[in-house]
Amino acid sequence: MQMLKTAIEPLLEAALEEVGINNSHWKSMLAPSRELDQGDLSLPCFPFAKQLGQAPPAIAEAIAASIPAHEAIGEVNTVAGYLNIKASPIWLARTILSSPQTHGHLFGECQPTGRKILIEHTSANPNGPFHVGRARNAILGDSLVRLHRLFGNEVRAEYYVDDMGKQVGVLAWALANLSEEDVEATLKGRDGLNPKWKGKADHERVRWYQAAQVVRQERADKEAIEQEIGRMVHASEHGDQGVLDAFAAAYQPVLDGMLTTLARLGISFDTFTKESMFVTNGDVGRLMELFRTFEIHGTADNGAEFLDLGARGLKGKTEFFFRRGDGSSLYATRDIAYHMWKWQQCDDLINVLGEDHKLQAKQVGMTLTELEQKVPEVMFYSFIKLPEGKMSTRKGNVVFMDDLLEEAQAQAAAVVGALRPDYEQNQVDEIADAAGKSAVRFNIIKVSPEKGFTFRWEEALAFEGGSAPFIMYSHVRACSIVRRCQSEGVDIDGELAKANIELPESMPSGMVGLLRALAVHNDVLAKAVNDRRPHLFANHLLHLSNCFNSFYRDCMIVIDGEVNTINLQVSEVARRMMRTGMEGLGIVPIEHM
RNA sequence: GGGCGUGUAGCAUAGCUGGAUAAUGCGUUGGCCUCCUAAGCCGAAGAUCCCGGGUUCAAAUCCUGGCGCGCCCGCCA
């Protein structure tokens, strides 16, 4: 609760000086209380014991006695060596409400910072549909994008298109050389194409890719196939425009299909940058020449070149190869050129990467340092497993995001249909669509990225406490209060504009709890953004929604046609914060459900 | 073998820049709709915070040694 801390720090400083503490180490010790009923801020007094030669409880008492009355402080108490300070609910209400109409933007919507952030996420190889494993990157990345925007940063969301690797080469070869009959014969015995996705190129063309993977292993002329693919990949890496165009024709429809899936999740990108650009524009070639001048440059027997990052402290495998024996570049080399290009366009660079890229990212980072470039921030995430084990397209052990979204919507529709039998079908569909996709997203956002994650249908499709629909429902209740006011003829804008209303001496616990949750909202947003941990904000939003529900129970807004101004103002601030917060996580803030 | 990450009630998680009675949801269980949407609210039971050692007034949190799980250790992307 930064709000309270700022208000009382000078008081506390004076009180501590009176007791005999003159250094300012205590400022970092003054932290949010562990339990809400202890207080808002707590100061453990144990470290002062040695310095003052007194017992911690006595010190806490002495400090408490020296703190003068202040409008922000509701209560000061000491327990077992802790000094607990609770904000005055009236002060909280006054601060938060100080004209919600004019200052409402302060809550939930921050001022522009002027900072330009480039966030690269997803960047999946365009060779098949998203499964929930690959989608963790997109969901986390997009949430980070949205939270930065909510925070006030100027964000560009970027997809790096891998348009020249072996995977794309295989796809292009398969489309050119395998007939539909070949593909179906090769994949006989596996799951067929779900008729639902007929015509969606990511689902259709991945079968050519999968068939090619089999054919490359099993067909009699596999050496010739490998040579042909190798020739194309090689040509692409030397910037052969004809081959690159053929690759693009192969992957672009697949990429479009993948983006359709992401769009359904509310995920979109501002820019797409193709890997091949850095080969064709000469950046990669110049970079490789530059590396030759480095003192840590080395050459292998066949002419391949590397940087010896061991000399810079890298453990394990220390040779970082940037050029093959045949003179072509490697993925990592292009990635470095890409990063140098990105740095020209932003103040901060964030990459969202799977944990399998940690070593690679480390090598790229060290090389960028060698080039006197800044190192990007990286958000790593663990892979999503299925209860049966690792997700694998080859083994048919996958859950496609398209299927998950269909199932989520269907289940949400069943819930809405049962709970709201009077709703029209199109209204049910709209709610089910919003609830389904939000639940799927939230299920992934709410856990910390580095944690291993096992996908379970029953959890992805849970619509109760701890889920996106729980938050959506609280928001809907707040919206319904507005509708109620309108139907009662309440002048809402007028009510919100009222300032300096008399606040009741005692407030119901639901009100106090909500005020405290509101007071902490922007602190959590800042932390989630700065530490790249969206799940902190997700958990806060659950807490905020929960607090709103208790407030809803305790504080009626309209009774017998009479509106309670304070309650309405608090409800409206909460509604806006919930709405902007939901948008920050990609949860759809619908108004009915 | 080496590197990185992770291990918290039956299950899934939060807390990890050290601080009090370890928080939340699911599940189990007891209450609450003549009142702005019960996808809700209030209560109960349920924890050797993986194990051992260390640092400290204080360890789930930091250090160290084990064990389990995941990922990486390509002139692949």
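Naming: A, B, ... by sequence-line order, numbering from 1 per chain. Keep in mind that what you see is a predicted model, and the values were worked out from it rather than measured.
- Note: A:H543 and A:H540 have tilted aromatic rings, judged against thresholds of 30 and 60 degrees for the angle between ring planes.
- Across all strands shown, A:E355 has heavy atoms under 4.0 Å from base atoms, whether or not it also approaches the sugar-phosphate.
- Taking atom C1' in both B:A22 and B:A58, one finds a spacing of 15 Å when rounded to whole Å.
- The aromatic ring centroids of A:F306 and A:F322 lie 6.0 Å or more from each other.
- Scanning atom types as modelled, one donor and one acceptor separated by under 3.5 angstrom connect the side chain of A:N302 and the base of B:C75.
- For A:N546, a side-chain nitrogen or oxygen approaches OP1 or OP2 of B:C41 to under 4.0 Å.
- As judged by a 4.0 angstrom heavy-atom cut-off over every strand, A:Q363 is placed among residues making no nucleic acid contact.
- Here B:C76 sits opposite no nucleotide as a Watson-Crick or G-U wobble pair (both hydrogen-bonding atom distances under 3.5 Å).
- Between the P atoms of B:C50 and B:A60, the separation comes to 10 Å (whole Å).
- Evaluation of atom-type donor-acceptor distances gives no pair under 3.5 Å for the side chain of A:E275 against the base of B:A77.
- Atom-to-atom, CG of A:N539 to P of B:G15 comes out at 7 Å; the value is rounded to the nearest Å.
- Taking side-chain N and O atoms only, A:K317 has a distance below 4.0 Å to OP1 or OP2 of B:C75.
- A:V482 comes within 4.0 angstrom of no nucleic acid atom, judged by non-hydrogen atoms across all strands.
- The P atoms of B:G25 and B:A44 are separated by 12 Å, rounded to the nearest whole Å.
- Figure legend. B:C71 is base-paired to B:G3; pairs are counted as Watson-Crick or G-U wobble with both atom distances under 3.5 Å.
- Residue contacts shown for A:C555 include a base, since a base heavy atom lies under 4.0 Å away.
- Pairing for B:G43 goes to B:U29, judged as Watson-Crick or G-U wobble with the two contacts each under 3.5 Å.
- Within 4.0 Å of A:H592, counting heavy atoms only, lies at least one base atom of the nucleic acid.
- As judged by a 4.0 angstrom heavy-atom cut-off over every strand, A:A300 is placed among the base-contacting residues.
- A 3.5 Å limit on both hydrogen-bonding distances identifies no Watson-Crick or G-U partner for B:A59.
- For the P atoms, the distance linking B:U28 with B:G18 amounts to 40 Å, nearest Å.
- Of the candidates B:C57, B:A39, B:C73, B:C73 carries the atom nearest the A:L359 side chain, counting heavy atoms from C-beta on.
- Relative ring orientation between A:Y552 and A:F548 is described as tilted, the plane-to-plane angle lying within the 30° to 60° band.
- Across all strands shown, A:P47 has heavy atoms under 4.0 Å from base atoms, whether or not it also approaches the sugar-phosphate.
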Could you list the protein-to-nucleotides 59-68 of chain B atom pairs, N/O on both sides, closer than 3.5 Å?
none

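- Syn is the conformation of B:C33, whose glycosidic angle sits no further than 90° from 0.
- B:C63 and B:C26 are spaced 35 Å apart, taking the P atom of each and rounding to whole Å.
- Within 4.0 Å of A:M164, counting heavy atoms only, lies no atom of the nucleic acid at all.
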